[in-house]
There are 2 protein chains.
Amino acid sequence: MRPTIKDVAKAANVSIATVSLVIHNNERISTKTRKKVLRAIKELNYHPSRSARGLVSHQTGNIGFIITEERFLRTEPFYTRVFLGAEFEAREKDYYVLLATIDSSFKEGDPLPRFILERNFDGIIIAGKVPTTFIDSLLKYKRPIVLIDFIPPDGGYPNVLINNIKGGMLATEHLINAGHKNIAFIGGEISHPSIMERLRGYNLALEKANIRNGDGLIVTNDEYLSRQNGYKSAGRLFNNRKDVTAIFASNNATAVGVMQYIKDNGYKIPDDVSLVGFDDVEADLLIDPPLTTIRVPKVEMGTEAVRLLLDILNNKSNSTKSTVVQVELIIRESTRAIKK
Amino acid sequence: MRPTIKDVAKAANVSIATVSLVIHNNERISTKTRKKVLRAIKELNYHPSRSARGLVSHQTGNIGFIITEERFLRTEPFYTRVFLGAEFEAREKDYYVLLATIDSSFKEGDPLPRFILERNFDGIIIAGKVPTTFIDSLLKYKRPIVLIDFIPPDGGYPNVLINNIKGGMLATEHLINAGHKNIAFIGGEISHPSIMERLRGYNLALEKANIRNGDGLIVTNDEYLSRQNGYKSAGRLFNNRKDVTAIFASNNATAVGVMQYIKDNGYKIPDDVSLVGFDDVEADLLIDPPLTTIRVPKVEMGTEAVRLLLDILNNKSNSTKSTVVQVELIIRESTRAIKK
DNA sequence: TATTTTTAGTTAAACGTTTAACTAATATTA
DNA sequence: TAATATTAGTTAAACGTTTAACTAAAAATA
């Protein structure tokens, strides 16, 4: 049988209350007693029962982690890394993470994950864009919510954001510094605030360098970011502008599609066209040539989200604080200085 | 405040015991009372507290899902799909799934996931190969274990297995039927039972067709299944045997590496070489040409694992029953009949 | 010295369930 | 009809914690 607080109390020859107080670092217990109790805890390999604890304290020790099925299954392990960061941090802080996916077309009345219905969570992390209706149906549970890489239209939630503007600037400036003038932006899912910001960074960098980019260099649509979409968009781009020498693709999958199109049409990377992606996933290294990209600290985003959430749960923070994680330019072989 | 069993009892004008019995489908309660109680439950949107339940029943309602970090982060969402299947089935059966990763070099004494240390799980699912030391350190918790796609050396656990032999045969027979004679097998991680079985299926199919495959057609090593490894192995193959016309690669990532090598060396797929993979992940469709492959029912593997585990937990099954999921040949464009 | 304050604990109630043991009412049997 | 069995519930203890309220002993103060 697993040891209970009673066993510890008996072993240390104190009351169960004392054991509980030691566990919670209450300063009312003398160092001597504290040591005695801690020794007993270690000897018996005692771990408090979550059930008993939850029953009296009305806290579950669970953090929900919600992501759309689509995003979770994405070929690039972007959000799996975010999850990993969250799980590590939660483990550290004595919380469990309950991962559940929802449909990206979630409608009001659709079944919610069990732990939500059963109110078995202290707070919830939502990773990536989800339907507003989903967030709405969470409201009545009155638990803190932290969003990752997503700002819903009505805003007002604490979130962990990527410095997308900076990323867009870094990518574009890298191309400008290499002497490029006709720099294109290719981005799907343009309604996503993050993609819009990357475009904004792109524009800011061009402005700063006094480059007036002519028509047809910005190709966007609102389809899901994917290889196919990148391939298609590259086609549209090259139909209009044969003079393009550099492309900034708003995420990695798009970049791979763009690369495929360029290869299929007899151009060479980076000889004819330089290409920069966004995200930095392993696949970037395996493709030919390895992709220059903007690195996003994925694991850190997960840990930050948990920290933010726990700060709110412990009243250390009001519920509108947000964190912005920084990005970094990773230069590989898909970009080079323009031929004179 | 969330409703408790007392609120339901008051609303239905019965004792709390009656409510509990109704929830557990005890036949001692009349249909009339049962209806009355169920109505109250629905009206109040009552869900029993896991904490209270766990405290008295000594069951947690949690299923652990363990996977090595390496496998979880793999570019192909193979195990994420398996997890998804497990989560769906668990949700259905009123269980939570606690996902945690371990290091693939887990050693005795390394920290275990929190829910294990705290004994907060009724059973555990291990997805993919893990170090034997990890399984050993689980033993003392005396909870049922179900393995997915892995048989440890000392065996003895219920598991969900892929019909790898059948898969190997299907792939190889497909190539044989297309007229190929010099059919190679490329497989990394050969110490993995699943890969060995795929090789066995390959051999069986050749035997059945009375094809004596000469030297150098089987290229294996014990490195992790990956693109680079596939690329390298293909190099070794073509150095020895220029006459190969078809290749069965033991998983998808390997196949992609092989494909890359073939392209880089001026051969065409499927014109010069036919190629079959194993796993069927989305990426197979996006590569050029789309890959003929053996489809593995990934989601089903997850649901089966949960079913197996719950059967054991409910004493419906002894703890050595295993399930084998079936595979299917998916013909795409990477294979074709041999040129006469 | 007598009183008050502080220290270092202990006692006991409460949290929301499950379930064995009990009971009152009704049905069956001798 | 009296005794027994069945039905449809109810009562109450138990699960393992937390924590407010209490207390005995020691220290500080008047």
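Every chain is numbered from 1, with letters handed out A, B, ... down the list of sequences. The analysis underlying the following values was restricted to heavy atoms, covering all of them including side chains, and did not include hydrogens, waters or symmetry mates.
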Contacted region of DNA chain C by chain A, from 5' end to 3' end of the hits, cut-off under 4.0 Å to heavy atoms, spans C:dA8 to C:dG16
Bend across the helix from C:dT1-D:dA30 to C:dA30-D:dT1, to 10°, with axes taken over 5 pairs at each end?
50°
Considering only distance and modelled atom types, tabulate donor-acceptor pairs under 3.5 Å from the side chains of residues 111-118 of chain A, sequence neighbours left out.
from: A:R114; atom 1: NE; to: A:E118; atom 2: OE2; distance (Å): 3.2
from: A:R114; atom 1: NE; to: B:D94; atom 2: OD1; distance (Å): 2.8
from: A:R114; atom 1: NH1; to: B:R91; atom 2: O; distance (Å): 2.3
from: A:E118; atom 1: OE1; to: B:R50; atom 2: NE; distance (Å): 2.7
from: A:E118; atom 1: OE1; to: B:R50; atom 2: NH2; distance (Å): 3.2
from: A:E118; atom 1: OE1; to: B:Y96; atom 2: OH; distance (Å): 2.6
from: A:E118; atom 1: OE2; to: B:R50; atom 2: NH2; distance (Å): 3.4

Hits for side chain to side chain donor-acceptor pair (under 3.5 Å) against A:S51, two or more places apart or cross-chain, chain-then-number order -> none
Consider ring-ring contact (aromatic ring centres under 6.0 Å, His included). Of B:Y79, B:F72, B:F83, B:Y95, which one does B:F65 pass it with?
B:F83
Test: B:K10 and B:D7 ion pair at under 4.0 Å
no
Within residues 10-61 of chain A or reaching into it, pairs that qualify as ring pair (Phe, Tyr, Trp, His ring centres under 6.0 Å) - sequence neighbours excluded
none
So if I take residues 23-36 of chain A and measure heavy-atom distances to DNA chain C, which residues fall below 4.0 Å?
A:R28, A:I29, A:S30, A:T33
From B:T4 OG1 over to B:L44 CG, what is the distance, rounded to the nearest 0.5 angstrom?
9.5 Å
Per the under-4.0 Å heavy-atom filter, residues of residues 45-52 of chain A near DNA chain C come out as none
Got a sec, which residues hit ring-ring contact (aromatic ring centres under 6.0 Å, His included) with A:F88, two or more places apart in sequence or on another chain?
none
Taking C-beta and beyond as the side chain, do B:P48 and B:R53 meet within less than 4.5 Å on heavy atoms?
yes
Are A:I41 and A:I23 close enough that some pair of their side-chain heavy atoms sits under 4.5 Å apart?
yes
Salt-bridge present (A:E89, A:K93; N to O < 4.0 Å)
yes
Please list all pairs meeting side chain to side chain donor-acceptor pair (under 3.5 Å) that have one or both residues in residues 133-147 of chain A, counting only residues at least two apart or in different chains.
none
With A:D122 via side chain to side chain donor-acceptor pair (under 3.5 Å) - residues at least two apart
A:T60
Under the ring-ring contact (aromatic ring centres under 6.0 Å, His included) rule, collect the residues that match up with B:F134, sequence neighbours excluded.
B:F106
Sorted by number, the residues of residues 3-13 of chain A with heavy-atom contact under 4.0 Å to DNA chain D:
A:T4, A:I5
Hey, which of these two, A:R53 or B:T18, hits DNA chain D nearer its 5' end, going by closest nucleotide?
B:T18
